[in-house]
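Please read these numbers as outputs of a predicted model, since none were measured by experiment. Quick note: numbers below take in every heavy atom, side chains included, and nothing from hydrogens, waters or symmetry partners. Every chain is numbered from 1 and lettered A, B, ... according to where its sequence line falls, protein lines coming before strand lines.
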Amino acid sequence: MYFENFASLVNMGGHGVYVWPTYGLGLLVILYNIFSPLMARKKIVAQIKRQARAASVPKAPSSRDRTIKSKQQVSTAESSRTMNEGEVE
Amino acid sequence: MLEVVQLRCERDDRVLFSELSMKLSLGELLQIEGANGSGKTTLLRILAGLSGDFQGNIFWKEKKLSSMYADFRLSTFYFGHKPAVKAELTPVENIRWRASLRNESPSEDRIFSALEQVNLAGFEEVACGHLSAGQHRRVALADLSISVSPLWILDEPFTAIDVHGVAWLETVLAKHVKEGGMVIITSHQSLSDISGTVRKVKLDDFAGGFLEDEFDDEMDSGAFL
Amino acid sequence: MSVDVQQLEGRKAMMGLIRRDLKLAFRTPGQSLNPVVFYLMVASLFPLGIAPERETLSQLAGGIVWIGALLAVLLSLDSLFKGDNDDGSLDQLLLSPHPLPLLVLGKVIAHWLTTGVALIVMAPVLALMLHLPERAFPALMASLLLGTPLMSLAGGIGAALTVRVQRSGVLITLLSLPLYIPVLIFGTGAVQSAVDGMGYAGHLLWLGAFLVMGLCLAPIAIAAALRIVVDG
Amino acid sequence: MIWYADIRKTMNWTFFHKLGSPKWFYEISGKWLPWLAILAALMMVTGLTWGLLFTPPDYLQGNSYRIIFLHVPTAFLASAIYVSMAIAGAVTLIWRIKLADMALKSMAPIGTSFCFLALITGAIWGKPTWGTWWVWDARLTSMLILLFLYFGVIALRGAIRSANTQARACAILTLVGVVNIPIIKFSVQWWNTLHQGSTLKLTEKPSMAPEMLWPLLISIAAFYLFFTVALIIRMRTEILDRERRTKWVRNAVEAGARS
């Protein structure tokens, strides 16, 4: 270790007042880069859970609003036959 | 000429329409009906090539639209919600710059006769700023009537048009279709089926549900934008 | 591309677009004079803010005239595509069979003719007010002549990206400033070396090089940006 | 031979599809993240403590040069991140891979933070050597302009609402920016030498003695590794946010909750 004791380490020949705050700021930036996404993740996970709970409560399927799953069960061949010319009123 | 295969469009977590397939050939008029917000305008913007945010394919003259853009745009007239008329310019100047963008240069008297037909006679040299919104649309309709593009894509052309104008526009559409042109139109009022070649597509038949239904497990929602 | 391209007169359409925009500008003199009035105001702030003495001012004159021109161009970028977007003309522009970069180049040239040229005409007046030494005037005019079209081109990219953004004035400035810095450096450098009596050909050559690069690349970027933003 | 072509075609496609799918990235990064994080932390601690405590002071600048172990890595990272953002932007534009846009979106704040840190450390370092907090040195000025470029990308990201447009607009802006960086660096360099004829180029790496060079190289590697870790964390959050409707995200979230 270049510095004999703790005091000279902090003082660093008069330059400590520049070096240590710089490293303090560096630490802040590093912590920001780690924790800001993690906090955002926590918020998003909570939202997803809330949506999952809301979706699991069976809501009345509105008539016009056909869900995708039922459309996929209809085989593509059968569905394209009814649709390709469009109904002529 | 224009063919749409398995078109699907999502906007803000809502499937506007999916598995929409239709064909449009010369001498046909296609009316697209649907409630407000059912994606009529979005569909028209996709067909006009303004929006690329869709799945499925669009073919022009049996080739993929994305490879035929110049030819497609040379033969297309798009009439959007906003009439694309500059307030500071006069109707004649407006029609002239719009036509030059479409690589057309109509003669002076043809412009004047078109303006007369939409009874804007006498307003030819008045700055459009002094004209009403309805008159702005009529300037755009006058431009439509003298356009040589075979494919017309019209988004609610009848709004803010009086009864006389509606009748005139229907005759223009009928004449265009009879001469082998094509029209895709969205409108709330049902068109009087003059030439018998009006086909209707109800957008609600292809509406998809909201997107919160999960995709099945293997196929996550795809790697592509 | 089955259409025979000779039939497409892109240049004629571009010239038509430029004529249209010039007509629009002359029909609204109040609006198209804004940049010039703003330029005059900005330039007259500096003597008030710093010092009216001749020595200090003549040292700063080149920089003030240039920065004033830069800010005036920034101010006028907002209206480059916004007007067309609001009344639906932008859709017609995108649906034209002519190549979009060519039409966009027309728009930028029209913007330069309405703002850049007015600023160039205004610059010597301000240079006189700020006691710029006479020998630096040719350098000032030449550097502005090369710089202002470059600023319209570079600013066009920011204007295209933010055409659908509501209060996009500050955003355009933020997007365009980094692109303006090399232009500012070489522009003021030319004037400064003219003031010091040294040759300024090198600076102008660099500005010319940047201008050629801008003329080739910027319209493509602007066209791509418009296609993407309007598609949204 | 047709079946062979089919297999090869589908094989390519599934590989390409798999490589770009957020789900695949989420799982792979989940496995690698802890190891990368530990390695990054270790390297950073060794690099910085070695530089801070064990290297002798510089004969000219005394101890204030120890800031170099923070300033140089972040300065390198600031421009390196912007270049990789431009690459991600190009991939977004050309192949429209969603993952590339997520990378672009996640890199922006990290790049901004490092660029800001590089600026501040450079300024503080200038104080003992030149007595002023800010010096218009060529590199510091181009770093400042790079910070404007970062702010531009983040501001544009916030200004456009639809995800699809936002992605490609930022890609265009980043590409325009990256074309501009060499021009800015050159013109600022030229401008700086013209006006000041720089005395000691602040961040010019003096021909460093080996005992100074090694900690610097380690901390540079450590910061690059840390950038990767921070990027992975942000991208995983971004994936959860954008793919929240898919079933695998629901399961991942439930599994996360239980474990």
Side-chain angles (χ1 to χ4, degrees), chain C residues 63 150 153-190 192-193 196 198 200 202-203 206-207 209-210 213-214 216-232, chain D residues 79 82 86 89-90 92-94 96 101 108 112 115 136 138 141-195:
Chain C
L150 201 52
L153 279 164
I157 299 173
L161 284 170
T162 58
V163 71
R164 288 257 166 112
V165 176
Q166 265 63 39
R167 287 163 305 285
S168 63
V170 176
L171 188 55
I172 288 183
T173 314
L174 190 60
L175 300 186
S176 313
L177 261 185
L179 308 179
Y180 281 5
I181 283 167
V183 180
L184 180 68
I185 287 176
F186 282 101
T188 41
Q192 197 53 44
S193 67
D196 304 340
M198 294 186 292
Y200 51 86
H203 307 85
W206 272 111
L207 273 179
F210 291 152
M213 197 178 111
C216 304
L217 297 181
I220 296 165
I222 296 172
L226 280 178
R227 287 244 184 263
I228 286 171
V229 170
V230 167
D231 168 0
Chain D
S79 25
Y82 197 89
T92 313
L93 277 180
I94 300 166
R96 292 203 182 183
D101 176 56
T112 315
C115 188
W136 288 96
T141 322
S142 357
M143 192 65 67
L144 183 66
I145 300 167
L146 183 62
L147 193 62
F148 294 154
L149 283 171
Y150 273 116
F151 285 151
V153 173
I154 291 182
L156 185 66
R157 174 73 64 176
I160 299 175
R161 270 176 298 284
S162 108
N164 199 336
T165 322
Q166 183 187 88
R168 294 184 308 166
C170 285
I172 289 247
L173 182 64
T174 324
L175 285 173
V176 167
V178 88
V179 165
N180 213 313
I181 284 185
I183 299 174
I184 290 176
K185 279 205 156 52
F186 160 71
S187 38
V188 168
Q189 196 80 26
W190 178 86
W191 162 81
N192 186 274
T193 49
L194 183 75
H195 284 282

What part of [X] lies closer than 4.5 angstrom to a heavy atom of chain C: side chain, backbone, both or neither?
{"X": "D:V188", "result": "both"}
{"X": "D:N164", "result": "neither"}
{"X": "D:L93", "result": "side chain"}

Choice from C:V165, C:L217, C:L179 maximising heavy atom contacts with chain D below 4.5 Å: C:L179
Kindly assign one of parallel, tilted or perpendicular to the pair D:F186 and C:W206, based on the angle between their ring planes and the thresholds 30° and 60°. tilted
Minimum heavy-atom distance between [X] and [Y], given as atom pair plus value:
{"X": "C:I228", "Y": "D:A169", "answer": "CG2-N, 3.9 Å"}
{"X": "D:N180", "Y": "C:P182", "answer": "OD1-CG, 4.1 Å"}
{"X": "C:P178", "Y": "D:I184", "answer": "O-CD1, 3.5 Å"}

Please set out all donor-acceptor pairs under 3.5 angstrom arising from side-chain atoms of residues 146-157 of chain D, sequence neighbours excluded.
| from | atom 1 | to | atom 2 | distance (Å) |
| --- | --- | --- | --- | --- |
| D:Y150 | OH | D:A78 | O | 2.4 |
| D:Y150 | OH | D:Y82 | N | 3.1 |
| D:R157 | NH1 | D:D101 | OD1 | 3.3 |
| D:R157 | NH1 | D:Q166 | OE1 | 3.2 |
| D:R157 | NH2 | D:D101 | OD1 | 3.0 |

Less than 4.5 Å apart, side chain to side chain, heavy atoms only: is that true for D:T165 and C:R164? no
[atom1]/[X] to [atom2]/[Y] distance, rounded to the nearest 0.5 angstrom?
{"X": "C:L171", "Y": "D:I160", "atom1": "CG", "atom2": "CD1", "value": "8.0 Å"}
{"X": "D:I183", "Y": "C:I185", "atom1": "CD1", "atom2": "CD1", "value": "11.5 Å"}
{"X": "C:I181", "Y": "D:S142", "atom1": "CD1", "atom2": "OG", "value": "10.0 Å"}
{"X": "C:H203", "Y": "D:W190", "atom1": "NE2", "atom2": "CH2", "value": "3.0 Å"}

What part of C:L161 lies closer than 4.5 angstrom to a heavy atom of chain D: side chain, backbone, both or neither? both
Under 4.5 Å from any heavy atom of chain D - which part of C:I157: side chain
